[in-house]
Asker: 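Provided herewith is a single structure, encoded as structure tokens, for subsequent inquiry.
Computed from heavy atoms alone, side chains included, the values below leave out hydrogens, waters and symmetry copies. Position 1 is the first residue of the sequence; numbering continues from there. What you see is a predicted model, and the numbers here were worked out from it, not measured in a lab.
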Amino acid sequence: MLAGLRAAGLQTGILTNGSRRTLDRVIARTSLDQIVDHALSVDAIGRFKPDPKVYQLACDASGVAAARIGFVTANGWDAAGAASFGFRVAWLRNDPTAPYPRVGAPLPMIATWESLHDVFVVPTEQPRHA
């Protein structure tokens, strides 16, 4: 899925509450370094999601405004935090009865791994023939 998003010309990344050390270990044991442009840990600022300063890390690293960042999470609290910050959020809602936190944030798109490409990649307009 990440490789497909990247092939479509999108920047990809990880934004985790995990430590930099843990993130580096995961990346070293996988091929993620080949398919993510940004690997961001809260260690850089000493705060945890859903603090808005954490989501700002993605804007700063990518050079992209919050409203143009697609954010994927399986956690309702993270979906609410990211949506409140202004990201376009896809919630991988594993439990269909999981409640969305009542924080006044926009509702996220409910997605699956398989649908993420269609959620975030805008198809190019096909040429019209007369």
Asker: Is there a path of hydrophobic side-chain contacts, each under 4.5 Å between heavy atoms of I, L, V, M, F, W or Y residues, that connects V64 with V36?
Answerer: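 Unlinked, V64 and V36 end up in two clusters.
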
Asker: Under 4.5 Å between side-chain heavy atoms, hopping through other hydrophobics if needed: is there a path connecting L32 to L23?
Answerer: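 The answer is yes; both residues are in one hydrophobic cluster.
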
Asker: Could you pull out all residues at least two apart from D95 that satisfy side-chain hydrogen bond (donor to acceptor under 3.5 Å, both in side chains)?
Answerer: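 Expected list: T97.
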
Asker: Which heavy atom of A111 sits nearest a heavy atom of L116, and at what distance?
Answerer: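 Heavy-atom minimum between the residues: CB-CD2, 3.9 Å.
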
Asker: With a 4.5 Å cut-off on side-chain heavy atoms, are M1 and L5 touching?
Answerer: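 Side chain of L5 against side chain of M1, heavy atoms only: contact under 4.5 Å found.
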
Asker: Per the salt bridge (Lys or Arg N to Asp or Glu O under 4.0 Å) rule, what does the pair list look like for residues 32-41, sequence neighbours excluded?
Answerer: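 Applying salt bridge (Lys or Arg N to Asp or Glu O under 4.0 Å) to every pair that reaches into residues 32-41, excluding sequence neighbours, yields R6-D37.
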
Asker: Could you work out, with side-chain hydrogen bond (donor to acceptor under 3.5 Å, both in side chains) as the rule, every residue matching R20, not counting sequence neighbours?
Answerer: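 Per chain and number, R20 pairs via side-chain hydrogen bond (donor to acceptor under 3.5 Å, both in side chains) with D24.
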
Asker: Would you list the pairs meeting salt bridge (Lys or Arg N to Asp or Glu O under 4.0 Å) in which at least one residue belongs to residues 7-17, sequence neighbours left out?
Answerer: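 Pairs touching residues 7-17 that pass the test: none.
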
Asker: Is the backbone N or O of A98 less than 3.5 Å from a side-chain atom of R93, with the two atoms forming a donor-acceptor pair by type?
Answerer: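 Checking the backbone N and O of A98 against the side chain of R93, a donor-acceptor pair under 3.5 Å is found.
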
Asker: Suppose we screen for side-chain hydrogen bond (donor to acceptor under 3.5 Å, both in side chains). Which residues come up paired with R25, at least two apart in sequence or across chains?
Answerer: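 Not a single residue meets the side-chain hydrogen bond (donor to acceptor under 3.5 Å, both in side chains) criterion with R25.
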
Asker: Please enumerate all residues that pass side chain to side chain contact (heavy atoms under 4.5 Å, CB included) together with A3, with sequence neighbours excluded.
Answerer: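 Counting only residues at least two positions away or on another chain, A3 forms a side chain to side chain contact (heavy atoms under 4.5 Å, CB included) with I35.
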
Asker: Extract all donor-acceptor atom pairs below 3.5 Å that involve side chains of residues 69-77 and protein atoms in other chains or at least two apart in sequence.
Answerer:
from: T73; atom 1: OG1; to: N75; atom 2: N; distance (Å): 3.1
from: T73; atom 1: OG1; to: D78; atom 2: OD2; distance (Å): 3.2

Asker: Which residue pairs pass the ring pair (Phe, Tyr, Trp, His ring centres under 6.0 Å) test when at least one of the two sits in residues 89-110, sequence neighbours left out?
Answerer: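 Qualifying pairs: W91-Y100.
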
Asker: Starting from L2, can I reach F120 by hopping between I/L/V/M/F/W/Y residues whose side chains sit under 4.5 Å apart?
Answerer: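 F120 clusters together with L2.
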
Asker: So, for A83 and P106, which heavy atoms are closest and what is the spacing to 0.1 Å?
Answerer: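 Heavy atoms of A83 and P106 come nearest at CB-O, 3.5 Å.
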
Asker: Let me check something: do V119 and V121 share a hydrophobic cluster, defined by ILVMFWY side-chain heavy atoms less than 4.5 Å apart, either directly or through other members?
Answerer: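 Linked, V119 and V121 end up in one cluster.
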
Asker: In terms of hydrophobic clustering (I, L, V, M, F, W, Y; side-chain heavy atoms under 4.5 Å; direct or indirect links), are L15 and W113 co-clustered?
Answerer: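 Different clusters.
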
Asker: Check side-chain hydrogen bond (donor to acceptor under 3.5 Å, both in side chains) between T30 and all other residues, then give those that pass, not counting sequence neighbours.
Answerer: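 Expected list: none.
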
Asker: Without swapping roles, check the side chain of S41 against the backbone of G18 for a donor-acceptor pair under 3.5 Å.
Answerer: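 Yes, the answer is positive, given that a donor and an acceptor are paired below the 3.5 Å cut-off.
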
Asker: List the residues meeting side chain to side chain contact (heavy atoms under 4.5 Å, CB included) with A7, not counting sequence neighbours, and say none if there are none.
Answerer: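 A7: no side chain to side chain contact (heavy atoms under 4.5 Å, CB included) contacts found.
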
Asker: Measuring from L10:CG to R68:CZ, what's the distance to the nearest 0.5 Å?
Answerer: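 These two atoms lie 9.5 Å from each other.
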
Asker: Would you say F87 and C59 make side-chain contact, with heavy atoms under 4.5 Å?
Answerer: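 Yes, at least one pair of side-chain atoms sits under 4.5 Å.
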
Asker: Which residues pass the salt bridge (charged side-chain N to carboxylate O under 4.0 Å, His left out) test with D60, sequence neighbours left out?
Answerer: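 In terms of salt bridge (charged side-chain N to carboxylate O under 4.0 Å, His left out), with neighbours along the sequence ignored, D60 is linked to no residue.
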
Asker: Is P50 close to Y55 at the side-chain level, that is, under 4.5 Å between some pair of heavy atoms?
Answerer: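 Yes, close enough: below the 4.5 Å cut-off.
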
Asker: Provide the closest heavy-atom pair for A80 versus V103 in the form atom of the first, atom of the second, distance.
Answerer: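 Closest approach of A80 to V103: CB-CG2, 3.6 Å.
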
Asker: I need the M109 CE to D118 CG distance, nearest 0.5 Å.
Answerer: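 Rounded to the nearest 0.5 Å, the CE-CG separation comes out at 11.5 Å.
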
Asker: Can you measure from OG1 (T112) to CG (L92) and round to the nearest 0.5 angstrom?
Answerer: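 Between atom OG1 of T112 and atom CG of L92 there are 7.5 Å.
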
Asker: Please name all residues satisfying side chain to side chain contact (heavy atoms under 4.5 Å, CB included) with V42, sequence neighbours left out, ordered by chain then number.
Answerer: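 Checked V42 against side chain to side chain contact (heavy atoms under 4.5 Å, CB included); matches are N17, F48, V54.
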
